[in-house]
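Okay, so here's the structure we're looking at.
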Amino acid sequence: MSGTTYVYNLRDLKFILKEWLDMGKLLSLPPYAEYYDADDIDFIVDNTFKVCRDKVAVVNDDADKIGVKFEDGKVVSPESFRDAFKAVNEAGLGAGNADREVEAHLPYTIVQSNYEMLCAASLAFTGYWGLTTGAISVIQNYASEELKEKFLPNMCAGEWGGTMNLTESGAGSDVGANVTKAFPTDEPGIYKIKGNKIFITGGDHDLCSNFIHLVLARIEGALPGTAGLSLFIVPKIWVDDDGGLGEPNDVVTTGIEEKMGLHGQPTCSLSYGENDGCRGYLIGAPPDENGKASGIRQMFLMMNEERLMIGIQGLAVTGAAYLHSLAYAKERVQGRKFTDPKGERVRIIEHEDIRRMLMMQKSCSEAIRALVLKSCYYYDLSHDSEDPEEKAFAEGMFQISNPLCKAYSTDMAWLLISDAIQVFGGYGFTAEYPVEQLARDCKVLSIWEGTNYIQAQDLVGRKFTMQKGKVLTDWMEDIGGFIKSHKDKEGYGREFEVLSGAFGDMNYILEEVSAYGEGDRKEMTPLFATRILHAAAMLYCGRLIIDQALLAGEKLIELGEDHFDAAYYKGKIASARFYILNIVPQVGAIRRVIGLGDASAIDIAEESFA
Amino acid sequence: MNIVVSMKQTFDTEATITLSNGKINSAGVELVVNPYDEFALEEALKLKEAAGEGEVVLVSVGGEGVAKALRTGLATGADRAVLIDDPALADADEWAVAVALAKAIEQIEYDVILAGRMAIDDGSSQVAVRLADALGLPSVTSVLKLDVDGKKATATKEIDGGTEDIEVALPAVFTAQKGLNEPRLPSMAGIMKSKKKEIKSVTLAELGFSADDLLPKTNIQEFSLPSPRAGGHIVDGEPADAAKELARLLREEAKVI
Ligand SMILES: Cc1cc2nc3c(=O)[nH]c(=O)nc-3n(C[C@H](O)[C@H](O)[C@H](O)COP(=O)(O)OP(=O)(O)OC[C@H]3O[C@@H](n4cnc5c(N)ncnc54)[C@H](O)[C@@H]3O)c2cc1C
């Protein structure tokens, strides 16, 4: 069933792209003005919806039930993937979208809107080009013209896959513990690579004819830790000067993981240079005289984009689970109304607790969609704005939102999909309905691309202190200023009161964090980091969704209650109300917990964990 | 090879139909290219690609909103479009639409005219054959396979319980049945290029008609929605008794056996 019914909330996406975000302004900037205007948005997203419904969602069952196989050293994908992969590439929805130099490329906000629809169709399947996009970005930004010409055309066309290789068995969250090595050769810029990488998504499969691995490795003499890591382009098959495929490059796939979910996505173990025959191109310059290398900085470009994409993946599966559970709740008849125990049997959507769970899913997924697409919008402005001040502001807002998008969306995905399963009752636990697959598929999102704790550390450690705290100040001012200028809006008194309270709570939390940093309780920061990230995300999501509600209110007045779209706008206002009155108060609870400052999790002796 | 594709915008197949004031309510309804016309367009694009030259021109009747459907066709690969946009056609019947289309098509060079087997909204299957009649051309309906060879074509047509192969001289009109091909979807690049392609809007006067030339010859008296499905009936009891009771109900009440 899951493979055939495609569900996606196009209306909310169109609200964001056509009504809430000023896409007209973005599309009038130089890279786009000549090619696109706001009227194109419908065409683009409607078409993507069709591709997703007709060509991609149909493989999601195979992704889960057949999955990828490792046979005779080869990774074999389900047969149906071939057509779907071709369709995605032909429709222009594949890795080529990462090419930001090509004429008439789309802004990131639209690319990622398309990506949400694709992930909702089959999250596992999107892994066949998801990391190629990141690899394209890195090569385009940091590699020489010659290397760009050699690799990018085939990667953009979907002929060759791209991967990112950080993880090793001893180096997961601690990327600096990387032991893969690189040795200079007689040919300038070319190094011999030796080491083993694990958990490499899309590291090998049968939909592409070559794989362009981006590999973090340490050149002899470079510093230990992340500072000494360089980034290499390591093709699976060597690419000759004429662009044709040459000899195999001693990159061997030694196995794929058996996983809880995403069965259709290959997670590969790769061995580099087992026979001393693996060569790679160094991206950029070799380590300086102090042994400092530039690989991690280059990889970070890809990681920020990838992290935003993970946030979108979380949103996509959450949204799908919500719509499936909504459809089910409208059909399933069970029990009678609490307020009318002798009345007719009713559909479960008439029960209060089912409504709570549906509203939880609806309001959170809309708030998260606002968060991630606003973040994409800032990302676009940070690239394309012609106003230096706006550009810098947008860059800061993107940077601070990035860990929120990644971690909040994916932590919530697991909880919200759990609610979706709950709505289905026992049927949700069976493979006959799609929600259990979504739960299994989503769990990894809080782990890969830096676990959600690593995101919390990034937020509290890097983003809060970025540019001497200016980014954080801008972000708080954006929220505080918004509350100030709208708090007297009629009909939203309680909502703004709660939001104001949460804003005060966040200020308190930030003061505590800086006190930890200065005082002798430094370990309190990591102890509370995850909760601080959640508080920040809920506050900011509250600010964004009420902004949407205010706009929806205006539309409602303009169109009148009888308009066919009135239900959507009323639903948006209800989402904002629910989110702010039911979820945002948790910021206050986190403030209270931080105020209590309990350190028993740190203080408890390890043996007492028994 | 020049091909004209007659295209209609219809309600999405999943749209819920409601009536207000005795008319079909179109507010908020998702509109799409008539799915059978997508087969027609795909065949046109394939014929053009096989010939290596020529033009695929879309023709439609309707208001400004129909331009969206035409643009989808242009994004899929058609070269240009003509839209007969005239308020006098708001209540046009199949005859009027066919006659108007014929006039517009006379001004275009064509070897083949393709249309969908029917429009999924009113399902009357009349426009394409009336169009052929108005142009004095042969027509083959419900085509499952089409081979064009110079000045003639062989079409495999669906008939009751089987198929029929028909050889026909060109130009001719063909209507596409599901199964004729697998329609392609537009690409992002196609969507962008479609903006530069021409959608020429023409009025009835520009086609040489005067105000009441195309007054409908038929008159819709009433629209009504299908009656809702009656609830099911579960026959209780021991299997043997229940089977007897079921047989009785089928014979006496449902009168189907
Ligand atoms: C399906 C899948 C696909 C993947 N794809 C890729 C890929 O394409 N490329 C790639 O390079 N990697 C990939 N990974 C690897 C992934 O990024 C790592 O699994 C992840 O970064 C965590 O590393 P680890 O598994 O070694 O866990 P560990 O680092 O061992 O972490 C275990 C736990 O300890 C916590 N922890 C670790 N260090 C600290 C610390 N300093 N302070 C507090 N808590 C800490 C973590 O948050 C986590 O909860 C993939 C993983 C999976 C499962």
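Bear in mind the structure is a predicted one, so any value in this text is a computation, not a measurement. We name chains A, B, ... by the order of the sequence lines, and we start the count at 1 in each one.
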Residues of residues 65-93 of chain B within contact distance of chain A, non-hydrogen under 4.5 Å
B/Lys68, B/Arg71, B/Thr72
Hey, is A/Arg53 close enough to B/Glu14 for a salt bridge, meaning N to O under 4.0 Å?
no
Return yes when atom CG of B/Leu246 has more than 12 non-hydrogen atoms of other residues, nucleotides or ligands closer than 6.0 Å, and no otherwise.
yes
Please check if the number of heavy atoms outside B/Lys145 that lie under 6.0 Å from its NZ is greater than 12.
no
Of all heavy-atom pairs between B/Lys196 and A/Glu34, which one has the smallest distance, and what is that distance?
NZ-O, 4.4 Å
Drop me the distance from B/Leu185's CG to A/Asp54's CG, to the nearest 0.5 angstrom.
6.0 Å
Quick note, salt bridge (charged side-chain N to carboxylate O under 4.0 Å, His left out) partners involving residues 95-109 of chain A, not counting sequence neighbours, are A/Arg100-A/Asp380, A/Arg100-A/Asp384, A/Glu101-A/Lys148
Rounded to the nearest 0.5 Å, what separates atom OG1 in A/Thr48 from atom CD1 in B/Ile191?
6.5 Å
Contact class of B/Ala27 relative to chain A, heavy atoms under 4.5 angstrom:
both
Hits for side chain to side chain donor-acceptor pair (under 3.5 Å) against A/Tyr36, two or more places apart or cross-chain, chain-then-number order -> none
Answer key: most heavy-atom pairs under 4.5 Å with chain B among A/Asp40, A/Val51, A/Leu106 is A/Asp40
Basic-acidic side-chain contact under 4.0 Å: A/Arg11, B/Glu30:
no
Tell me the closest heavy-atom pair linking A/Gly92 and B/Ser187, and the distance in Å.
N-CB, 4.5 Å
Counting heavy-atom pairs under 4.5 angstrom with chain A, the leader among B/Met192, B/Arg184, B/Lys193 is B/Met192
Using heavy-atom distances under 4.5 Å, tell me whether A/Asp37 contacts chain B through its side chain, its backbone, both, or neither.
both
Contacts with chain B made by residues 551-571 of chain A (heavy-atom distance under 4.5 Å), listed by residue number
A/Phe564
Could you give the distance from CD1 (A/Ile44) to CE (B/Met188), rounded to the nearest 0.5 Å?
6.0 Å
